[in-house]
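As the structure lists them, so they are numbered: ligands from 1, and atoms in each ligand from 1. The structure displayed is predicted, hence computed values, not measured ones.
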Amino acid sequence: DEMTRSELIQYLKDTVKPEEGLIPSYIFSHPKVYELEMEKIFLKDWLFIAHKSEIPNKGDFVTRELGGQSVIVTHGADGEIRVLLNVCTHRGMKLCRMDNGNQKNFTCPYHGFNFKNTGELIGIPFQKVVYGDTMDKSTMGLKEIRHDVYADLIFATLDDDAVSLDEFLGDIKWYLDLAFNRAEMEVVGLPQKWNVDGTWKLGSDNTISDSYHTLVSHGSIAKLGLVPTGDYSKYGYQIYTGNGHGLNLGMPNPDGFAFPENLINEYKERLHEDQYDILKQMKNMIVCVSPNIMILISSMELKGQQVSHTSLRIWKPTGPDSMEISAWVLVEKDAPEEWKRLSEQANTLTFGSSGIFEQDDTENFTDITQNSKSPYHLQENIVYNYTMGMHQEPVENFVGPGIVYKDKFNEANSRAFFRNWLDQITAE
Ligand code: FES
Ligand code: FE
C-alpha cells in the first residue's frame, strides 16, 4: 500500500515475466494495477464503440463508453459519423441518457442548452437575457473524439497522439476481414449486456490463447453430444500478429461449409483467395483485438445444416475485479432470412448471456479474480504457470500473417499478450 507509483512499476517489471511463462496472481485484481491500466491502456488505445450498421440513417445515434467516459456516436445531419463527448459544455451534465435512438438535436436535461447531432451548440434558453451579447455559441460545441473505421467497425481513442487505427490493428486486419469483410455484415438487434465479477484481462487471456480449457470447462457440452468429445479443440492454428492481437483458428471443419451458400460469389470477390480458402475450411475462429475485444465465429448443426454465427464483444472494465460484457451478433445482410434466424439462435444457445459455453467461461473468470483478491496472494507472490507450448516452434508455411503455431493447445499468445500489456502499463 505504501508503494509509490515508480516502485509499483518496478515491482511489476520484476514479477511479471511473460517470456518465462510466469504471471503473478495479484495483477488480476490489484486496485493500483487497475489505475495504471485505465491511464495507460484505456485512455490511450483504440477501443471498439459501434458497428456502422447500428446507425445507418441520418440522426441515428448510440451512446457508448470509452475509458470510463460516456460518448454519443452520431450519424449527423450532414451524413458524417462523429464520436461526441456526452458532456454538456455548460456544466457537465450527461447530455443524452438513452442507449440509442434517432434525433436531430440533443437538449440538456439541466438548463436546456440545445446541441445539433453534429455537436454544434445551437440554442440557449433566454440567451439574450442571461448573456447579452457576450456568449459565442460557436466555441461551446460538444467535444469531438478521434475515431476511425475498419471493416465497418467504428473505433475511437481518447489519445490524439495515438498511432493510426491502421497501424494499431496491423496484421490482425487480414483475419478481421474473414469476420467482417467477407460480405456486408449487419448487427442483429441491440447488444446484450451483463456483469461479471471478474477482471477484463481474463476474458482477453482466454480469447487469445485458451483452446485447452474446452476439454474440461465445456466438457458437459460434449457429454450432451453438442460438440465432439476428445481433443477436437486442439486442431488448427494459434497466431499472434503483434500489438497484443492474436487468434485461434479451428480448421478444418469436418462437417463442411458453415456459411450461407448463396453468398459464395460475394465471399470470393471480397476476400483474397487464401482468405477464402480458410473460410471454406473454418470450424471456428476466436480473435482477440487488444485490449478487450473478442470476435468469435463458430458453427454448429441446426435443422440438419452447418450454421455459423459471428459475434463481437467487449470486456469492459468496471473496476479492479469486475467487468461489463457487451455482445453484438452479426449476420450477412444478404443471407436468407431463415438462415439469419438460425445463426442468431446458434449464438444465443452458445455464447449469449445464458449460453451454455458462456456460463462455463465466466465461472472461471470470477473465481480466479476473487481468489487473487486475498492479500495472501501478494504477500506470497503467488504465480501462475503460462509455459504451455514452449517446446514447440512456429511454422513457416502458413498463408496468413503472424507468428503461427500449428496447434491450438499453446499459451504462446497469452505470453505475448501479457508482454504487450506489461510494456503498456509500465511505459514512461
Ligand atoms: Fe447542460 Fe446547463 S449543464 S445546460
Ligand atoms: Fe470457453
Side-chain angles (χ1 to χ4, degrees), residues 63 70 72 84-97 103 105-116 119-127 129-131 135 137 139-143 194 196 198 200-224 226-229 231-234 236 238 247-250 283-288 294-300 309 311 313 315 323 325 327 346-347 349-369 408-411 413-414:
T63 52
S70 177
I72 319 174
L84 302 167
L85 217 58
N86 191 8
V87 175
C88 177
T89 52
H90 177 227
R91 195 72 87 249
M93 178 58 188
K94 196 182 222 185
L95 189 62
C96 175
R97 293 189 287 182
Q103 281 185 193
N105 306 324
F106 296 95
T107 304
C108 181
Y110 199 173
H111 313 96
F113 277 34
N114 188 21
F115 299 86
K116 250 169 106 167
E120 227 179 305
L121 175 61
I122 50 171
I124 296 177
F126 301 105
Q127 181 179 344
V129 178
V130 294
Y131 292 111
M135 167 60 79
K137 289 205 288 288
T139 64
M140 295 278 289
L142 297 175
K143 183 168 168 49
W194 62 99
V196 176
W200 66 276
K201 287 193 287 299
L202 288 169
S204 291
D205 167 46
N206 177 275
T207 301
I208 201 164
S209 219
D210 204 322
S211 296
Y212 181 60
H213 78 288
T214 311
L215 291 174
V216 174
S217 279
H218 304 305
S220 59
I221 302 171
K223 279 185 197 145
L224 288 171
L226 296 174
V227 296
T229 47
D231 59 355
Y232 78 97
S233 60
K234 178 174 169 26
Q238 181 166 113
L247 66 145
N248 280 259
L249 180 59
K283 172 77 184 159
N284 52 45
M285 180 174 82
I286 305 172
V287 185
C288 167
M294 165 173 141
I295 291 144
L296 171 73
I297 301 177
S298 190
S299 53
M300 65 188 291
H309 52 101
S311 61
R313 70 169 56 187
W315 318 102
M323 63 174 149
I325 297 176
N347 186 274
L349 283 169
T350 51
F351 287 94
S353 55
S354 60
I356 45 179
F357 282 88
E358 186 59 41
Q359 299 183 51
D360 298 335
D361 287 326
T362 45
E363 282 291 304
N364 295 327
F365 306 158
T366 301
D367 282 359
I368 296 166
T369 303
K408 286 160 56 192
F409 286 180
N410 200 322
E411 285 161 356
N413 270 4
S414 279

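Every residue two or more places apart in sequence or in another chain that forms a ring pair (Phe, Tyr, Trp, His ring centres under 6.0 Å) with His90 is listed here: His111, Phe113. With sequence neighbours left out, Tyr212 forms a ring pair (Phe, Tyr, Trp, His ring centres under 6.0 Å) with Phe409.
Of the N and O atoms on the side chains of Asn86 and Thr63, not one donor lies less than 3.5 Å from an acceptor on the other residue.
Using a 4.5 Å heavy-atom threshold, the side chains of Trp315 and Thr207 count as touching. Using a 4.5 Å cut-off on side-chain heavy atoms (C-beta onward), Ser298 and Thr350 make no contact.
Ring geometry for His218 versus His213: interplanar angle over 60°, hence perpendicular rather than tilted (30 to 60°).
The set of protein atoms (N, O or S) found at less than 2.8 Å from the Fe ion (ligand 2) reads His213 NE2, His218 NE2, Asp361 OD1, Asp361 OD2, by chain and number. Ordered by chain and number, His90 ND1, His111 ND1 make up the set of protein N, O or S atoms under 2.8 Å of atom 2 (Fe) of ligand 1.
Here the CG-CG distance, from Asn284 to Asn248, works out to 8.5 Å after rounding to the nearest 0.5 Å.
Between Ile286 and the choices Leu296, Asp210, Ile295, Ile208, the side-chain contact (heavy atoms from CB on, under 4.5 Å) rule is met once, by Leu296.
For Phe115 and Phe106, the distance between ring centers is not under 6.0 angstrom.
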